[in-house]
Protein chains: 2
Amino acid sequence: MKTTDALPLSQPPSPRTLAQPPLAANVTALPAPPALSGVASIQKTLAILEIVAERGGATAKEVSASLGYPLPTVYRLMQTLVQSDYLVHIRRERKFELGYKLHRLGVSLHRQIGVPAEVRTEIARLHRHARAAAYFAAYRGADVVVTYIVDSPAAPRLTPLSFGFHEAAHATAFGKIMLTGMSGEQRDQYLEAHGLPRLTPATITDRGELERQLETISRSQVAWEHEEFVPGMTCAAVGVRNSAGLLVGSVAISARADTIASRERDLERMLRETAAGLSRYFRSGSVRR
Amino acid sequence: MKTTDALPLSQPPSPRTLAQPPLAANVTALPAPPALSGVASIQKTLAILEIVAERGGATAKEVSASLGYPLPTVYRLMQTLVQSDYLVHIRRERKFELGYKLHRLGVSLHRQIGVPAEVRTEIARLHRHARAAAYFAAYRGADVVVTYIVDSPAAPRLTPLSFGFHEAAHATAFGKIMLTGMSGEQRDQYLEAHGLPRLTPATITDRGELERQLETISRSQVAWEHEEFVPGMTCAAVGVRNSAGLLVGSVAISARADTIASRERDLERMLRETAAGLSRYFRSGSVRR
DNA sequence: GCCGGCTTCTCACATCGTGACAGGCCCCCT
DNA sequence: AGGGGGCCTGTCACGATGTGAGAAGCCGGC
């Protein structure tokens with residue numbers, strides 16, 4: 001057995017994904033975009049970091065141009081990042097690239113979110129039996145986060161749903177499960193903050209309609225999502241609870257809408273079984289019934 | 001074949017590794033430690049990020065205590081990080097953990113440094129034949145960085161030498177190779193900035209002695225390091241050059257000192273072969289001779 | 001229901017970052 | 001070699017901006 005440094009799967013080489021949380025983009029065009037609170041110089045610095053990440057390296061000039069900061073400022077901020085190993089200055093090529101500290105931080109993040117082996121094997125089993133991409137999403141702070149995925153060429157994951165995804169709760173199956181687990185007040189607060197942006201023609205953007213559907217979901221204990229997140233794709237999820245009965249996460253699958261229609265019952269059964277097994281695990285430390 | 005989110009191998013749960021570049025620590029005890037230049041608020045913010053990473057989550061109070069910043073300041077900075085998804089605030093547990101943006105940045109870093117498949121297979125082959133941990137270190141900016149490692153339980157890597165390692169050039173085999181590739185002036189500058197900190201009793205800390213050894217190395221084209229970096233461990237490295245004859249990286253192995261003594265010749269031969277193959281690859285795009 | 005912690009305001013001060021400008025450096029081109 | 005055109009790094013005075021003491025919310029726990 002040999003071990004190597006595992007390279008995290010590359011996200012697609014997309015130009016502009018949902019990098020920023022999809023804030024409602026059509027609020028009658030506010031003149032001043034959020035620019036919320038926070039320390040401005042830090043926001044600038046982080047913006048620089050992300051530009052460099054997106055482009056796979058950038059010159060100071062490019063950064064200055066695309067963010068609109070004056071050049072000396074850009075240099076100053078970038079040098080601060082270089083000093084702390086968040087950036088590397090490659091003088092030969094007159095450009096900046098990401099530094100090694102980011103590797104360590106990424107590793108730390110994975111350690112903090114690490115998914116137990118039992119969850120991994122159960123999700124893998126679900127993937128095999130359901131012939132669909134299978135996900136585990138955990139609750140962390142005020143969000144649901146996708147923390148584990150098993151898919152295959154025949155049943156690939158939904159493109160934006162990679163490790164760490166936590167946006168658009170109103171349009172995803174596991175997001176809906178999370179919303180049903182919240183108190184009315186929590187839900188109000190969450191939806192107020194994130195809005196219900198339209199992602200596809202089928203996305204639920206009406207608060208009342210969403211509430212009604214959540215009602216149904218909390219009775220049936222399974223959440224569906226039909227082309228509301230990505231056209232042509234369907235997801236379903238079931239919650240996982242700990243010994244106190246609190247939602248700690250959820251199990252989900254995704255697949256092409258047309259390949260699912262005929263076996264919804266079946267898939268629901270498998271999801272419930274997996275979720276029940278994991279709930280047992282979170283109660284007692286064992287999956288076995 | 002199934003694909004999953006690959007978790008980068010965890011670094012050892014070490015408390016305080018060489019996180020900061022090992023600046024010469026004994027310069028007659030300057031009253032004000034470096035605190036070099038740079039934007040102070042940003043350095044504070046990054047320090048907070050790293051504390052949270054090290055501890056696997058921390059409360060604002062802990063951060064305030066261990067860095068000596070006043071509490072409101074800590075909250076303000078941490079909230080800025082939360083807004084940009086570098087941190088997550090877990091209110092239930094009254095603590096902060098790392099955010100998901102760090103995953104993306106880590107992935108981008110790996111994309112930027114990505115090692116070609118040819119290099120990976122050659123390093124793996126070297127590992128098998130030499131029965132030793134095998135490394136590829138690339139030049140990036142003004143540093144050598146370990147970018148690929150193949151090891152195994154029987155021949156494990158040197159503990160601090162994980163992906164991204166780029167310190168202590170004077171005490172590592174691939175570091176010495178890099179130093180031989182520099183002009184006298186570049187070398188002066190590099191060693192001036194980094195110093196020659198003593199890591200083991202055998203570490204070369206005298207500039208003249210190092211220069212003499214580099215002389216020898218540039219003739220023999222192979223660099224050895226005997227317990228100068230980690231006690232009981234030995235490393236050797238050979239440079240890899242591109243079509244312009246410039247060093248682009250190096251190939252290295254490490255093993256317990258006592259298991260190597262009898263086969264230094266053999267290992268040198270294998271290192272040279274691997275390095276020659278990779279040099280061919282960097283010249284012509286193919287390893288084949 | 002009250003207490004004690006964490007967390008978030010408020011606000012006046014001066015620090016600290018800012019960015020126009022100019023000079024140095026290095027590389028490339030001829 | 002010599003020049004020229006970038007990239008990069010200083011310098012500096014202005015004032016916006018971050019700062020941190022204090023105090024008031026907020027929330028959970030006893």
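So you know, we letter chains A, B, ... as the sequences are listed, proteins then strands, and number each from 1.
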| query | Taking only residues two or more places apart in sequence, or in another chain, which ones meet B:His166 in a ring pair (Phe, Tyr, Trp, His ring centres under 6.0 Å)? | reply |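 Ring pair (Phe, Tyr, Trp, His ring centres under 6.0 Å) list for B:His166, sorted by chain: A:Tyr100.
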Euclidean distance, atom [atom1] of residue [X] to atom [atom2] of [N] [Å, nearest integer]:
{"X": "A:Lys44", "N": "C:dT18", "atom1": "NZ", "atom2": "C1'", "answer": "7 Å"}
{"X": "A:Ile42", "N": "C:dT18", "atom1": "CD1", "atom2": "C1'", "answer": "15 Å"}
{"X": "B:Ile90", "N": "D:dC27", "atom1": "CD1", "atom2": "C1'", "answer": "17 Å"}
{"X": "B:Gln43", "N": "D:dT19", "atom1": "CD", "atom2": "P", "answer": "12 Å"}
{"X": "A:Ile48", "N": "C:dG17", "atom1": "CD1", "atom2": "P", "answer": "14 Å"}
{"X": "B:Leu77", "N": "C:dT8", "atom1": "CG", "atom2": "C1'", "answer": "15 Å"}
{"X": "B:Leu71", "N": "D:dG25", "atom1": "CG", "atom2": "P", "answer": "19 Å"}

Can you sort out the partners of [X] under side chain to side chain donor-acceptor pair (under 3.5 Å), two or more places apart, ordered by chain and number?
{"X": "A:Thr205", "answer": "A:Arg198"}
{"X": "A:Ser41", "answer": "B:Ser41"}
{"X": "B:Thr180", "answer": "none"}

| Does atom CD of A:Gln189 have more than 12 heavy-atom neighbours, drawn from other residues, nucleotides or ligands, at distances under 6.0 Å? |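 No.
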| said: Test of understanding: with salt bridge (charged side-chain N to carboxylate O under 4.0 Å, His left out), list the residues that count as partners of A:Arg207, not counting sequence neighbours. | reply: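 Checked A:Arg207 against salt bridge (charged side-chain N to carboxylate O under 4.0 Å, His left out); matches are A:Asp188, A:Glu211.
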| field | Partners meeting salt bridge (charged side-chain N to carboxylate O under 4.0 Å, His left out) with A:Arg241 (sequence neighbours left out) | value |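 None.
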Residue-phosphate contact under 4.0 Å: [X] side-chain N/O, [N] OP1/OP2:
{"X": "B:Tyr75", "N": "C:dT7", "answer": "yes"}
{"X": "A:His89", "N": "D:dC8", "answer": "yes"}
{"X": "B:Thr73", "N": "D:dG20", "answer": "yes"}
{"X": "B:Lys61", "N": "C:dC6", "answer": "yes"}

| said: According to side-chain contact (heavy atoms from CB on, under 4.5 Å), who are the partners of A:Ser250, at least two apart in sequence or on a separate chain? | reply: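 A:Ser250 satisfies side-chain contact (heavy atoms from CB on, under 4.5 Å) with A:Ala137, A:Tyr139, A:Phe174, A:Ile177 only.
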| query | Quick check, are the ring centers of A:His103 and B:His110 under 6.0 angstrom apart? | reply |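 Yes, the ring of A:His103 comes within the 6.0 Å limit of the ring of B:His110, centre to centre.
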| query | Nearest nucleotide by nearest heavy atom, which residue falls closer to the 5' end of DNA chain C, B:Ala60 or A:Tyr69? | reply |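 That would be B:Ala60.
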| task | Evaluate the criterion salt bridge (Lys or Arg N to Asp or Glu O under 4.0 Å) for residue pair A:Glu50 and B:Arg104; output intermediate values, then yes/no. | result | CA-CA 9 Å; A:Glu50 282 156 45; B:Arg104 296 202 184 162; over 6 Å; no
| Which residue pairs satisfy the ring-ring contact (aromatic ring centres under 6.0 Å, His included) criterion with at least one member in residues 48-93 of chain A, sequence neighbours excluded? |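 Every ring-ring contact (aromatic ring centres under 6.0 Å, His included) pair that includes a residue of residues 48-93 of chain A, provided the two are not neighbours, is A:His89-A:Phe96.
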| Taking DNA chain D as the partner, which of residues 91-98 of chain A come within under 4.0 angstrom of it by heavy atom? |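 Heavy-atom contacts with DNA chain D come from A:Arg91, A:Arg94.
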| Inter- and intrachain pairs under salt bridge (Lys or Arg N to Asp or Glu O under 4.0 Å), touching residues 56-70 of chain B, at least two apart |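 Checked against salt bridge (Lys or Arg N to Asp or Glu O under 4.0 Å) - neighbours excluded - the pairs reaching residues 56-70 of chain B are B:Arg55-B:Glu62.
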Close N/O contacts between protein and nucleotides 10-17 of chain D (under 3.5 Å):
none

| Using the C1' atoms of the five pairs at each end, what is the angle between the end axes of the helix from C:dG1-D:dC30 to C:dA22-D:dT9, to 10°? |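 Here the local axes at opposite ends form an angle of 60°.
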